[in-house]
Protein chains: 2
Amino acid sequence: MTDIKSPLPGGPKPAVNPLFLRDEELRQAIELLFFGYRDFTAEPDAILARYRFGRAHHRVIYFIGRHPGMTVSGLLHILRITKQILSRVLGQLIERGYVVQRQGTSDRRQRLLDLTEKGRGLEEQLSAEQRARIARAYREAGGEAVEGFRKVMLGIIGNEEDRARFDRPAGPARR
Amino acid sequence: MTDIKSPLPGGPKPAVNPLFLRDEELRQAIELLFFGYRDFTAEPDAILARYRFGRAHHRVIYFIGRHPGMTVSGLLHILRITKQILSRVLGQLIERGYVVQRQGTSDRRQRLLDLTEKGRGLEEQLSAEQRARIARAYREAGGEAVEGFRKVMLGIIGNEEDRARFDRPAGPARR
DNA sequence: GCATATATGTCAATATGACTGACATAAAAT
DNA sequence: ATTTTATGTCAGTCATATTGACATATATGC
């Protein structure tokens with residue numbers, strides 16, 4: 001697109017947006033993220049409401065499901081919330097039988113967290129909606145677009161540590 | 001880059017994962033959105049906190065700035081919140097001089113909303129951080145990736161009406 | 001072994017964002 | 001003239017999130 005860098009093959013003067021990253025394009029990106037995230041979270045939120053859970057419960061369930069044996073401090077680090085609010089949300093999930101704790105073996109101060117069967121059921125139900133939405137979007141956009149989406153999203157994620165999660169540990173394994 | 005569409009120059013069989021949309025890839029997308037949105041909103045949130053405003057104030061300021069003369073019901077429709085909470089947030093913004101109301105001309109029941117100079121100043125400050133983040137990500141990812149990002153995000157946005165906002169009313173004006 | 005640091009938990013106070021439900025007013029539409 | 005629409009407001013409730021203070025158990029360093 002927009003051939004900056006390529007010196008315009010003899011045509012009339014460039015006239016193509018000299019800045020390229022113009023305000024309109026950047027604002028559209030802001031809005032894509034806003035509307036996208038709004039819609040991306042709407043369905044799980046509706047399910048959660050039926051359980052009298054909130055979005056925070058979803059995130060906790062999601063990451064424990066993704067990383068069984070996750071510690072409390074691991075969750076705090078990912079979610080960037082305070083231990084007080086995590087403690088409450090986690091306490092509710094444990095009390096209602098979605099999550100279990102066990103003591104760490106090498107460090108017995110740690111509480112290792114796992115989903116119960118019930119927890120895996122809810123996790124599946126919640127993320128199924130999101131996976132279906134992504135799958136549809138990916139399918140319609142095509143493989144090349146998906147690569148572009150990943151690149152841009154990785155660029156938006158600020159720190160290297162978080163980016164490192166996406167080194168395709170079990171990714172599409174293409175090539 | 002990445003020459004799909006060009007039919008693989010005589011190479012060995014495609015062998016590209018038959019399912020392609022596997023669970024791992026979809027979960028990575030979920031996490032890209034989670035981490036991306038988290039980082040995307042972190043800086044504005046920090047600025048807003050200094051004004052004792054919240055994310056809701058940001059969204060209201062953003063969309064009024066984007067669409068001067070926006071009505072209350074227009075905001076309600078975009079933000080998908082109740083009039084009660086909008087009324088409170090909007091009231092605070094008006095009271096503190098960031099937004100002004102004027103009566104609609106064709107329909108005098110309407111309150112048309114605009115940013116004041118002060119409001120534009122704050123809007124600029126808030127979205128500058130986000131635009132800089134996107135600009136960096138776009139620049140690093142390249143134009144083709146940006147197109148892919150847009151395609152996928154549009155796919156994630158559920159309804160046609162919201163998607164229609166992105167018909168490049170003033171987009172890159174390519175071709 | 002003692003001191004310190006870390007992992008976790010808990011009590012309290014506070015703010016924001018969001019909801020439902022009920023009701024009110026002004027103006028437009030039929 | 002009645003009804004509908006655009007907006008606003010009061011009241012109650014809940015989830016998410018904060019800061020600050022303090023407690024306990026366990027590791028770790030010296």
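The model shown is predicted, which means the values in this text are computed figures rather than measured ones. First the proteins, then the strands, lettered A, B, ... as listed; each starts at 1.
Checking side-chain atoms of A:H77 against main-chain N and O of A:G74 turns up no donor-acceptor pair under 3.5 Å.
The nearest heavy atom of DNA chain D to A:A56 and to A:S106 marks one nucleotide each, and the one closer to the 5' end goes with A:A56. Of the two residues contacting DNA chain D, namely B:G74 and A:F53, the nearest-nucleotide position lying further toward the 5' end is that of B:G74.
For B:R108 and C:dA29, the shortest distance from a side-chain N or O to OP1 or OP2 is not below 4.0 Å. Of the side-chain N and O atoms in B:H57, one or more sit less than 4.0 angstrom from OP1 or OP2 of C:dG17. For A:T82, a side-chain nitrogen or oxygen approaches OP1 or OP2 of D:dT18 to under 4.0 Å. Proximity of B:S73 to the phosphate of D:dA6: no side-chain N or O atom is located under 4.0 Å from OP1 or OP2.
Distance from the side chain of B:R109 is smallest for D:dT4 among the nucleotides C:dG9, D:dT4, C:dT20. Comparing C:dT8, D:dT7, D:dA17 by their closest approach to the side chain of A:R111 singles out C:dT8. Taking every side-chain heavy atom of A:D107 into account, D:dA27 is the closest of C:dG9, D:dT9, D:dA27. If you check C:dA18, C:dG9, D:dT9 against the side chain of A:K83, the one that comes closest is C:dG9.
Between the side chain of B:R88 and the base of C:dG17, a donor-acceptor pair under 3.5 Å is found. Taking 3.5 Å as the limit, the base of C:dG21 and the side chain of B:Q84 contain a donor-acceptor pair of atoms between them.
Heavy atoms of A:Q92 sit nowhere under 4.0 angstrom from any nucleic acid atom.
As rounded to whole Å, 10 Å separates atom P of D:dT18 from atom CG of A:L79. One can place CD1 of B:I85 at 15 Å from P of C:dA15, the figure rounded to the nearest angstrom. Rounded to an integer number of Å, the gap from CG of B:L93 to C1' of C:dG17 is 14 Å. As rounded to whole Å, 16 Å separates atom P of C:dA18 from atom CG of A:L48. Between A:R38 atom CZ and C:dG17 atom P the separation is 18 Å, expressed in whole Å. To the nearest angstrom, P of C:dG17 lies 15 Å from CG of B:L75. Atom CZ in B:R52 sits about 12 Å away from atom C1' in D:dT19, given to the nearest Å. Atom CZ in B:R80 sits roughly 14 Å away from atom P in C:dA18 (whole-Å rounding).
For the pair B:R96 and B:F53, the cation-pi criterion (under 6.0 Å, within 45° of the ring axis) is fulfilled.
Salt bridge present: B:E117 and B:R120 bring a charged side-chain N and a carboxylate O closer than 4.0 Å. Ionic pairing of B:R38 and B:E31 is not present here: no N-O contact between side-chain nitrogen and carboxylate oxygen is shorter than 4.0 angstrom. Between A:R80 and B:D39 there is a salt bridge, since at least one side-chain N of the basic residue sits less than 4.0 Å from a carboxylate O of the acidic one. With salt bridges taken as basic N to acidic carboxylate O contacts below 4.0 Å, none links A:R27 and A:E24.
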